Structure formats: structure tokens, C-alpha cells
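What follows is a single structure, written as C-alpha cells, with notes after it.
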Amino acid sequence: MTEFTVGQAKIARVEETYGATFRPADLFPEWNDKTLAEHGHWLAPHHYDAASGFLKLSVHSWLLRIGGQKILIDACCGNHKSKPARQFWHMLNLPFLDRLAAAGARPEEIDLVMCTHLHHDHVGWNTQLRDGRWVPTFPNARYVFSQPDFDYYRKLDADPAHGPAELGTFRECVLPVVDAGRADLVTGPHRLNDHLEILPAPGHSAGHVVFKLDSGRQQAIFIGDVFHHLLQVYYPHWNFPKNSDVEQARASRRSILDLCASTGALVLPCHVGAPFAGHIEATGDGFCPRFG
Ligand SMILES: [Zn+2]
């Protein structure tokens with residue numbers, strides 16, 4: 001298990017999937033032979049699979065333990081969600097909750113669930129199927145969602161031309177939590193408690209946020225999908241294909257990279273491969289990842 005210590009906080013990675021999933025050019029049209037020549041020495045084996053030529057991405061949650069609280073950050077894809085258009089994540093049946101327990105939390109012990117945004121691969125475990133209904137997986141938790149993201153997807157979901165939003169996961173993984181009265185919708189910047197601050201970083205989704213942790217003199221930033229791959233640290237203008245606003249996504253990426261570099265915070269993305277978290281260094285005209 002991958003675990004990090006930040007001041008008084010313990011942060012464990014809880015894996016859902018990790019593998020070679022995308023042809024590089026399908027994710028990043030800017031990818032070419034020069035990219036591999038320049039970055040090949042660090043890309044394989046954790047961020048690129050040389051045998052298939054595919055980029056490797058992880059889907060995981062972070063379990064944050066601080067001040068006696070157990071907080072789940074982002075909630076992966078979840079089990080039994082029908083996503084025929086995304087074969088890698090279609091009808092998963094994985095022992096994620098066993099892995100979460102091994103990392104230190106049973107579902108009833110989770111105090112808070114926090115989603116950086118409401119894309120299908122960040123809300124999945126919010127709910128689970130019980131007797132044919134989607135019910136909150138973490139019965140004692142408050143769930144923190146971004147209000148602008150919620151508003152955006154509620155409108156999209158209700159529009160017959162576009163809905164159901166996010167492969168149906170807005171109805172399966174977000175609305176049941178709101179209907180159960182367990183959701184807190186927040187608009188950043190917002191200080192949640194002594195340790196956690198919610199900062200807007202829109203663009204990948206309309207209301208995407210990041211979570212900044214202060215623990216003693218140390219900091220960590222849960223960046224969600226501000227970047228999906230370490231190549232985007234070298235090339236902050238490289239966008240993941242799916243964005244609500246491409247220019248806003250680039251601007252948010254640069255400003256969060258700046259924040260990570262200037263604070264020296266431990267940076268915890270949602271999809272970057274092993275060692276899964278690290279630091280960002282400013283290089284004068286850009287940034288360089290220091291992961292492992
Ligand atoms: Zn994602």
C-alpha cells in the first residue's frame with residue numbers, strides 16, 4: 001500500500017484500477033516521436049507501457065486521516081455502473097471496499113467524502129447498489145460537492161438533448177446522496193475546517209476544485225484532474241480531451257502548478273502512476289515533476 005505522511009496527517013492510496021489504457025495520441029494530440037525520445041527514460045514502466053505503446057493511468061481514491069477524522073477524497077468509478085462506452089470501467093466488480101478497509105477505514109467509519117468534481121470516475125463509490133437502489137456507501141459521512149459542478153450537471157442531466165449526465169452517474173452517484181440529505185454543496189474558495197481549504201480550479205469541469213491540506217508546517221494539495229499525466233507538468237498547455245473549457249483548464253493547471261511549486265506541497269493527483277504523489281519544481285520558464 002502507498003502511504004504518505006504530511007505533518008499529523010496520513011494519506012493512503014486506495015486503488016481501483018491501474019493500467020495501460022490510452023493510445024498517447026488519443027489523449028494528447030501533441031504527442032509525437034520526440035516526446036518518447038525526450039521522456040522515455042522516466043515514462044516506462046509506471047507512466048507508459050512500452051510493450052503496447054499505451055499510456056498508463058491509475059484510478060484511485062485518497063484516504064486522508066487527520067484530527068481523528070477519516071476522509072475519502074474522490075470516489076473512483078464504483079461497482080456495477082454500466083459504462084459500455086468505457087470498457088475499462090464498465091460493470092466493475094472490484095474489492096475496492098476491502099482495499100479501503102486495509103488502508104484503515106470501513107465504510108461506516110468514513111466521516112467525509114470529498115469530490116474534486118462530478119465526473120463519472122470521481123463519484124462512483126459515493127453510492128452502492130442495495131436491493132436495486134443506489135444508496136450512500138458511507139452511511140455516516142457528509143459528502144462535499146462543488147456547487148457550480150452540481151448546478152452544471154443538474155442542468156445537463158435534465159436536458160433531454162444531453163442527459164443523462166456523466167454516463168448516468170449523476171443520477172446514480174450524486175442525486176441519491178443529495179436526496180438522502182447527506183450532501184454539502186460548497187462554492188470555493190471555502191475553508192472547510194482547521195486543516196482543509198477548498199480552492200476553485202475550473203476548466204476540466206465547470207466547478208472543478210482542489211483541496212489544500214495544512215498539517216503542522218506541511219501542506220498537501222489534492223489536485224483532482226488538474227493534470228492526468230506527468231507529461232502535462234512539462235507541457236501545461238496539453239489538455240486531457242474532456243474539458244468544459246479548454247482555456248480555463250490550461251489557466252487553472254498553470255496556477256495550481258504555481259501554487260504547488262511555491263508551497264512545496266505534496267501533490268496528490270487522481271490518475272498519475274507510481275509513485276502516485278510527489279512535488280512540483282519551478283524551472284524558470286516552466287515546471288518539472290519530482291515524483292519519486
Ligand atoms: Zn478523472
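A quick note: this is a predicted structure, and the numbers were derived from the prediction, not measured. Numbering of ligands and ligand atoms starts at 1, following listing order.
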Discussion item. I want to check a possible cation-pi pair here: R13 against F276, using under 6.0 Å from ring centre and within 45° of the ring axis as the test.
Written reply: yes
Worksheet item: Can you find a side-chain donor-acceptor pair between E16 and W125 that sits under 3.5 Å?
Response: yes
Practice prompt. Check all N, O or S atoms of D121 and name the one closest to the Zn ion (ligand 1).
Written response: OD2
Worksheet entry | Contact check: H122 to the Zn ion (ligand 1), N/O/S below 2.8 Å | yes
Worksheet item: For R191, does the CZ atom have more than 12 heavy-atom neighbours from other residues, nucleotides or ligands under 6.0 Å away?
Response: yes
Response to the item:
Which atom of D225 is nearest the Zn ion (ligand 1), counting N, O or S only? It is OD2
Discussion item. Counting backbone and side-chain atoms alike, is an N, O or S atom of C270 positioned under 2.8 Å from the Zn ion (ligand 1)?
Written reply: no
Fill in: Check against side chain to side chain donor-acceptor pair (under 3.5 Å), S52 and D49
CA-CA 6 Å; S52 64; D49 176 50; 2.5 Å; yes
